[in-house]
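One structure is given here, and the rest of the page talks about it.
What you are looking at is a predicted structure, and each value in this text was computed from that prediction instead of being measured.
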Amino acid sequence: MPISEGTGMTHLIDVLYERGFVEQTTHQDELREYLDQAGRSCYIGFDPTADSLHIGSLVPIMALAHVQRCGHIPIALVGGGTGLVGDPSGKTEMRKLLGPEDISRNAESIKSQLARFIDFEKDRALLLNNADWLAHLEYIPFLRDVGRHFSVNRMIRAESYKMRLESDEGLSFIEFNYMLLQAYDFLMLFDRHGCGLQMGGSDQWGNIVAGIDLIRRMRQKSAFGITFPLITTSSGAKMGKTEKGAVWLDAGKTSPYDYFQYWVNTDDRDVQRFLALFTFLPMAEIQEVETLSGADLNAAKRVLAFEATQLAHGLEAAKKAYHAAASMFGKGEIPAGLLSSSAIHKGEAEFGDAAVPRSTIDRKELESGIPAFQLFCRVGLTASGSAARRLVDQGGAYLNGERIPNFDTLISAKDLKEGAILLRAGKKRYHKLSVS
RNA sequence: GGUGGGGUUCCCGAGUGGUCAAAGGGAACAGACUGUAAAUCUGUCGGCGAAGCCUUCGGAGGUUCAAAUCCUCCCCCCACCA
């Protein structure tokens with residue numbers, strides 16, 4: 001592994017390639033040279049239209065974290081300016097326009113999420129908002145100074161536009177302008193922070209290259225770009241989609257337990273790839289996963305889940321989720337030699353269901369008994385009473401581990417075990433009910 | 001602005017007066033098999049304490065014993081023309 005001179009650190013480019021972050025790059029050799037020197041900055045844009053990031057943003061987040069770990073300065077750029085317009089791409093309904101207050105509130109919560117992965121102290125990383133320069137842009141000067149460098153002929157040949165131009169929905173003028181705005185972002189970051197590298201999803205290639213061109217034309221300097229592959233699961237689904245919708249990084253929207261469960265349920269074929277992308281465990285250890293199967297591979301999934309949860313929610317939350325999973329699904333030893341750098345080895349699996357979804361019920365109400373289907377619906381294990389009936393009819397509803405025979409079986413105080421009732425829907429979804 | 005086509009249940013997509021809570025596929029859920037995996041097979045898949053009732057087919061009205069299906073107006077999308 002080549003080491004960049006002086007820093008004693010692994011070269012960012014090598015790390016990104018090795019861990020599967022790279023789809024394509026511009027000028028490979030020059031880019032490597034650019035990153036030979038420590039303290040380079042590198043930016044990625046984030047969309048501030050929601051108040052939380054989700055798993056889909058994890059690849060860019062991890063990439064920025066690697067930027068920092070390799071001795072460079074990551075810049076997270078929140079698209080406050082572009083968010084004010086509302087990106088219409090691929091959306092069936094018009095996205096609601098966000099006001100500046102919404103954007104800055106979202107930017108704040110996004111920053112606090114990023115802060116778990118990236119150290120923002122002492123300018124070791126920056127969080128910027130492109131509204132700072134886009135909001136005051138004047139149209140005529142912009143066209144004269146920036147617009148003249150763009151050839152429409154070239155733009156419409158860009159892959160990202162091509163598809164839209166040929167599709168039924170077409171391409172709106174706003175969307176067409178995103179390339180200019182994003183190129184301008186890059187220029188501004190280059191001017192203000194000496195940022196010479198932009199990374200982004202593979203759909204951003206055209207926009208990134210446009211920024212590089214703009215910098216060359218207006219500043220006669222080189223800048224670089226890296227795109228990430230689109231990460232899909234081996235079964236073809238996009239990352240982070242579940243029946244409940246997106247898997248969020250915000251603990252209030254997706255609990256650490258559910259987050260942990262999402263990762264444990266990783267497809268066999270994805271475990272190794274995901275360990276490389278979504279944890280910081282050494283590649284030497286991750287490569288050994290290649291040879292695993294059966295129970296060992298399952299253990300590797302728990303390590304993946306533990307590490308990913310630790311990154312997003314901290315060590316304590318990861319432990320709780322892990323222990324909760326152990327008490328619901330069984331301990332399942334993690335072999336000592338497996339991915340041994342993980343903190344999962346520093347605490348034995350214990351039974352502790354603190355992270356299991358739970359709620360309370362009034363004692364009196366419970367004593368009079370509640371039909372099973374009503375209870376399942378009420379605690380949120382099913383979406384409706386009808387769904388709960390079906391669940392019980394199909395034998396998918398369990399009370400303290402026993403299958404519930406009829407949808408109207410009464411659940412009452414006599415079912416309390418150590419002060420609580422454990423409900424289960426299907427094989428994986430648990431809910432703990434205690435009396436208040 | 002004109003002409004033509006279209007908006008159907010989570011998604012795609014049939015359905016052109018009753019047999020429609022609406023074909024088919026996908027997704028999802030449950031069961032069996034397993035390893036909290038995949039694949040496969042079976043079942044389910046609007047709501048409601050059964051029969052039955054209620055709400056749904058872009059929106060609002062109307063015709064009819066009866067409408068997703070017919071009529072009127074409106075909204076939105078697409079194509080071509082201007």
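- A:Y430 comes within 4.0 angstrom of nothing in the nucleic acid, heavy atoms only.
- One interatomic measurement links the two molecules: CZ of A:R390 to C1' of B:A30, which rounds to 11 Å at whole-angstrom precision.
- Closest-nucleotide positions on RNA chain B for A:P371 and A:K428 were compared, and the one nearer the 5' end corresponds to A:K428.
- In this structure, the nucleotide among B:G31, B:A37, B:G47 sitting nearest to the side chain of A:Y398 is B:G31.
- Separating the CG atom in A:L137 from the CG atom in A:L143 is a distance of 9.0 Å, to the nearest 0.5 Å.
- A:F376 has its CZ atom 14 Å from the C1' atom of B:C29, to the nearest Å.
- With no hydrogens or angles considered, no side-chain donor-acceptor pair links A:Q272 and A:Q287 at under 3.5 Å.
- Taking the ring axis of A:Y322 as reference, the NZ or CZ atom of A:R302 does not stay both within 45° of it and closer than 6.0 Å to the ring centre.
- In this structure, B:A79 forms a base pair with B:U3, meeting either the Watson-Crick or the G-U wobble geometry with both donor-acceptor distances under 3.5 Å.
- Of all nucleotides listed (B:A37, B:C48, B:G35), B:C48 comes nearest to the side chain of A:S386.
- Across the protein-nucleic acid pair, A:K427 atom NZ and B:A30 atom C1' stand 8 Å apart, rounded to whole Å.
- Atom P of B:G47 sits at a distance of 15 Å from the matching atom of B:A23, rounded to the whole Å.
- Nearest to the side-chain atoms of A:R403 among the listed nucleotides B:A32, B:A38, B:U36 stands B:A32.
- Across all strands shown, A:R302 has no heavy atoms under 4.0 Å from either base or sugar-phosphate atoms.
- Atom CG in A:D393 sits roughly 13 Å away from atom C1' in B:C45 (whole-Å rounding).
- Relative orientation of the A:F278 and A:W263 rings is tilted, given thresholds of 30° and 60° on the angle between their planes.
- Between A:L410 atom CG and B:G49 atom P there is a gap of 14 Å when expressed in whole angstrom units.
- Among the nucleotides B:U34, B:U36, B:G47, the one closest to the side chain of A:S384 is B:G47.
- Mapping A:Q374 and A:A397 onto RNA chain B via the closest heavy atom, the residue that lands nearer the 5' end is A:A397.
- In a base pair of the Watson-Crick type (N1 to N3 plus N6-O4 or O6-N4) or a G-U wobble (N1-O2 and O6-N3), with each distance short of 3.5 Å, B:G52 is matched with B:C48.
- Nucleotide B:A32 forms a Watson-Crick or G-U wobble pair with B:U40, both donor-acceptor distances falling under 3.5 Å.
- With both pairing distances under 3.5 Å, B:A68 is matched to nothing as a Watson-Crick or G-U wobble pair.
- Using a 4.0 Å heavy-atom cutoff across all strands shown, A:N298 reaches at least one base atom of the nucleic acid.
- Within 4.0 Å (heavy atoms only), A:R424 reaches no atom of the nucleic acid at all.
- Classification of A:R269 and A:D267 as a salt-bridged pair holds, one side-chain N sitting under 4.0 Å from a carboxylate O.
- Between A:D268 atom CG and B:A37 atom C1' there is a gap of 4 Å when expressed in whole angstrom units.
- A salt bridge does not link A:R389 with A:D408: every distance from a Lys NZ or Arg NE/NH1/NH2 to an Asp or Glu carboxylate oxygen is 4.0 Å or more.
- In this entry B:C73 has B:G59 as its Watson-Crick or G-U wobble partner, both defining distances falling under 3.5 Å.
- At a threshold of 4.0 angstrom between heavy atoms, the contacts of A:F407 with the nucleic acid are absent.
- Closest to the side chain of A:K301, out of B:G49, B:U44, B:A37, is B:A37.
- Looking at heavy-atom distances under 4.0 Å, A:Q261 makes contact with a base.
- For the pair A:L391 CG and B:U44 C1', the interatomic distance rounds to 11 Å; values are reported in whole Å.
- Side-chain atoms of A:Q394 and base atoms of B:G31 include no donor and acceptor less than 3.5 Å apart.
- The number of heavy-atom neighbours closer than 6.0 Å to CD of A:E108, taken from other residues, nucleotides and ligands shown, is 12 or below.
- The listed nucleotides are B:U36, B:A38, B:G49; the one nearest the side chain of A:R269 is B:A38.
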